[in-house]
Peer 1: 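The structure follows.
Bear in mind that the values here come from a model prediction, so they are computed numbers and not experimental data.
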Amino acid sequence: MPNLARTHATRPLERVPNPGMLAEVAAGLAAPQKELSPKYFYDQRGSELFEAITRLPEYYPTRTERALLEGWMPELMAQLGTRTLIELGAGNAEKSRIILDAMRATGLAELYVPIDVSATFLSQTAAQLRREYPGLTVEPAIADISVELNLPRRMPRPALFAFLGGTIGNFYPPPAIRLLSRVRAAMAPGDRFLMGVDLRKDIARIEAAYNDSQGITAEFNRNMLLVLNHELGADFDPRAFEHRAFYHTVAHRIELHLVSSRDQVVEIPGLGPVAFAAGESIRTEISTKYDRASVSTLFDAAGLRIEAWPIDPATPFGLVVGAPA
Ligand code: SAH
Ligand code: AVI
């Protein structure tokens, strides 16, 4: 696992440059429930920690989604004749290879556009894929998908827009609808949208997935404070914040918090001192769990319709194939 204690001042930025970050952080820390966007987890170390999470025994989404993709992609890609894969929040693109393999089997794979906020990690992913898929054009796009998709001007159609891992659940409903509407607006007739969604299930199982016994999720959570230190010159002491993850039964979501273990004041240049009382928390992530009706509501609002709904009922976790409504 990467080492927590390392210097930050001399490292180059590893994420998409974000001139609005200070204002966004200021607004989040001024709210009654302090809150920061989960996009701030992902510098190089955050991306590596997420990769470690996907291999944890408790973290069921990745392996369940992988099995669903293996079962469904060969037939779907043959049926759609997809020539371009655009992937939102691609990360290490491990599962994307299942889609790319199915596209390659049809002889039509031309372009892969992985989009991510984690710039260094994304360029490593792209370089690796170019080696693995000679003949495929890989055009990574660094973008904050809550703002824009930053797509190439020319994309061979039909295209498949993919948003895997259940990452849609990390967005509150209004931004989730805006994001899906942005995808819908970029779709041409014949294009499809493929989204992974974590489904409602036994609460103990969900809570275990976000409170792993090796403490990797806790390190991932605390990494956000290191990102703030590095990018804003803040002086958070990550050891003074505890990881907490619990299920919110009314909103159907797990919430990640960082809880201040003592009264403390953190200095953020340009923002000034921010006080934390002992026990006070910053909400760093929500991860919403869906059912078919709640996905339908999001899709309806974004101008999409559910075309297919393959799920693993045992876990449960689902893939949604969407088309323009
Ligand atoms: N799709 C991969 C990775 C999921 S982790 C999988 O299923 O395993 C979430 C990914 O989305 C990370 O790579 C993270 O850097 C990226 N991400 C999170 N918020 C983002 C945002 N606002 N804009 C762009 N990428 C984002
Ligand atoms: C990226 N996203 C779908 C993960 C999730 O499960 O919501 C992020 C994560 N947070 C803690 N563990 C994993």
Side-chain angles (χ1 to χ4, degrees), residues 16 18 20-21 23-25 27-28 31 33 35-42 61 65 85-91 113-118 141-151 155 158-201 206 247-256 283-311 316-325:
V16 58
N18 181 357
M21 180 173 178
E24 211 174 86
V25 166
Q33 166 61 68
E35 176 136 26
L36 294 168
S37 164
K39 69 187 173 196
Y40 298 126
F41 285 136
Y42 300 98
E65 188 177 52
L85 173 63
I86 300 129
E87 185 175 8
L88 285 67
V113 183
I115 309 173
D116 211 289
V117 78
S118 189
I142 299 166
D144 176 349
I145 56 172
S146 63
V147 178
E148 55 165 1
L149 298 181
N150 195 17
L151 296 174
M155 299 189 295
L160 180 72
F161 291 77
F163 192 23
L164 301 179
T167 307
I168 187 68
N170 299 142
F171 292 81
Y172 287 98
I177 291 166
R178 286 197 293 274
L179 174 50
L180 298 182
S181 303
R182 207 168 289 127
V183 171
R184 167 66 190 91
M187 287 170 83
D191 289 353
R192 290 293 183 274
F193 178 49
L194 176 72
M195 185 168 83
V197 277
D198 195 8
L199 300 174
R200 295 174 192 168
K201 59 179 66 60
I206 300 175
Y247 197 72
H248 188 310
T249 46
V250 177
H252 302 285
R253 67 189 185 211
I254 193 104
E255 294 194 0
L256 260 62
R283 182 163 51 206
T284 50
E285 185 176 63
I286 59 162
S287 192
T288 310
K289 309 306 171 191
Y290 298 93
D291 55 12
R292 187 168 173 143
S294 52
V295 172
S296 261
T297 304
L298 286 182
F299 269 34
D300 284 351
L304 291 162
R305 67 183 165 82
I306 298 178
E307 193 174 65
W309 172 262
I311 68 162
F317 187 96
L319 290 175
V320 194
V321 181

Peer 1: What pairs of residues pass the side chain to side chain donor-acceptor pair (under 3.5 Å) test when at least one of them lies in residues 295-309, not counting sequence neighbours?
Peer 2: Arg192-Glu307
Peer 1: What's the shortest heavy-atom distance between Ala141 and Val113, and which atoms?
Peer 2: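 That closest heavy-atom pairing would be CB-CG1, 4.3 Å.
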Peer 1: State, to 0.1 Å, how close Pro324 and Met187 come at their nearest heavy-atom pair, and which atoms those are.
Peer 2: CD-CE, 3.7 Å
Peer 1: Tell me if a side-chain donor or acceptor on Arg253 pairs with a main-chain N or O of Tyr172 at a distance below 3.5 Å.
Peer 2: no
Peer 1: So, does Thr284 use its side chain to make a donor-acceptor pair with the main chain of Leu256 at under 3.5 Å?
Peer 2: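 Between the backbone of Leu256 and the side chain of Thr284 there is a qualifying donor-acceptor contact (under 3.5 Å).
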Peer 1: To the nearest 0.5 Å, how far apart are CG in Leu319 and CD1 in Ile311?
Peer 2: 10.5 Å
Peer 1: What is the distance from atom CD of Glu24 to atom CD of Glu35, rounded to the nearest 0.5 Å?
Peer 2: 10.5 Å
Peer 1: Could you tell me whether the side chain of Gln33 reaches within less than 4.5 Å of the side chain of Glu255, counting heavy atoms only?
Peer 2: no
Peer 1: Show, in sequence, the C-alpha distance, side-chain angles and deciding distance for Phe161 and Glu87, and conclude whether the side chain to side chain contact (heavy atoms under 4.5 Å, CB included) test is met.
Peer 2: CA-CA 6 Å; Phe161 291 77; Glu87 185 175 8; over 6 Å; no
Peer 1: I need the minimum non-hydrogen distance between Pro316 and Arg200, along with the two atoms involved.
Peer 2: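 Heavy atoms of Pro316 and Arg200 come nearest at CG-O, 3.6 Å.
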Peer 1: Could you go step by step and tell me if Ser146 and Lys39 meet the side chain to side chain contact (heavy atoms under 4.5 Å, CB included) rule?
Peer 2: CA-CA 9 Å; Ser146 63; Lys39 69 187 173 196; 4.0 Å; yes
Peer 1: Answer whether the closest heavy-atom distance between the side chains of Ile177 and Leu298 falls below 4.5 Å.
Peer 2: yes
Peer 1: Report yes if some heavy atom in the side chain of Phe299 is under 4.5 Å from a heavy atom in the side chain of Val320; otherwise report no.
Peer 2: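 Phe299 vs Val320: side chains touch.
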Peer 1: With no hydrogens and no angle check, is any side-chain donor or acceptor of Glu65 less than 3.5 Å from a backbone partner on Gly165?
Peer 2: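 Judged by distance alone, yes, a pair lies under 3.5 Å.
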Peer 1: Side-chain contact test, heavy atoms from C-beta onward, threshold under 4.5 Å: evaluate it for Leu180 versus Met195 and give yes or no.
Peer 2: yes
Peer 1: Taking the side chain as everything from C-beta on, heavy atoms only, tell me whether Leu194 gets closer than 4.5 Å to Leu164.
Peer 2: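 Result yes, sub-4.5 Å side-chain heavy-atom pair found.
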Peer 1: Taking all atoms of both residues into account, what is the closest heavy-atom pair of Ala186 and Leu149, and its distance?
Peer 2: CB-CD1, 4.5 Å
Peer 1: Is there a side-chain contact between Thr167 and Leu88, using heavy atoms and a 4.5 Å cut-off?
Peer 2: no
Peer 1: Taking all heavy atoms of Asp198 and all of Pro61, pick out the closest pair and write down the distance.
Peer 2: OD2-CG, 4.2 Å
Peer 1: Going through the checks in order, is the side chain to side chain contact (heavy atoms under 4.5 Å, CB included) test met by Arg292 and Ile306?
Peer 2: CA-CA 9 Å; Arg292 187 168 173 143; Ile306 298 178; 3.8 Å; yes
Peer 1: I need the Ile86 CD1 to Met155 CE distance, nearest 0.5 Å.
Peer 2: 4.0 Å
Peer 1: Would you please test Phe193 and Arg184 for side chain to side chain contact (heavy atoms under 4.5 Å, CB included) and show each step?
Peer 2: CA-CA 8 Å; Phe193 178 49; Arg184 167 66 190 91; over 6 Å; no
Peer 1: What I'd like to find out is whether the side chain of Asn170 reaches to under 4.5 Å of the side chain of Phe41, using heavy atoms alone.
Peer 2: no
Peer 1: For Pro189, enumerate each residue passing the side-chain contact (heavy atoms from CB on, under 4.5 Å) test, keeping only those at least two apart in sequence or located in another chain.
Peer 2: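 side-chain contact (heavy atoms from CB on, under 4.5 Å) check on Pro189 returns nothing, list empty.
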Peer 1: Would you indicate whether the side-chain heavy atoms of Ile115 and Asn150 approach each other to under 4.5 Å?
Peer 2: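 No. Closest side-chain heavy atoms not under 4.5 Å.
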Peer 1: Might you point out which heavy atoms bring Gly166 and Phe317 nearest each other, and give the distance in Å?
Peer 2: N-CZ, 4.1 Å
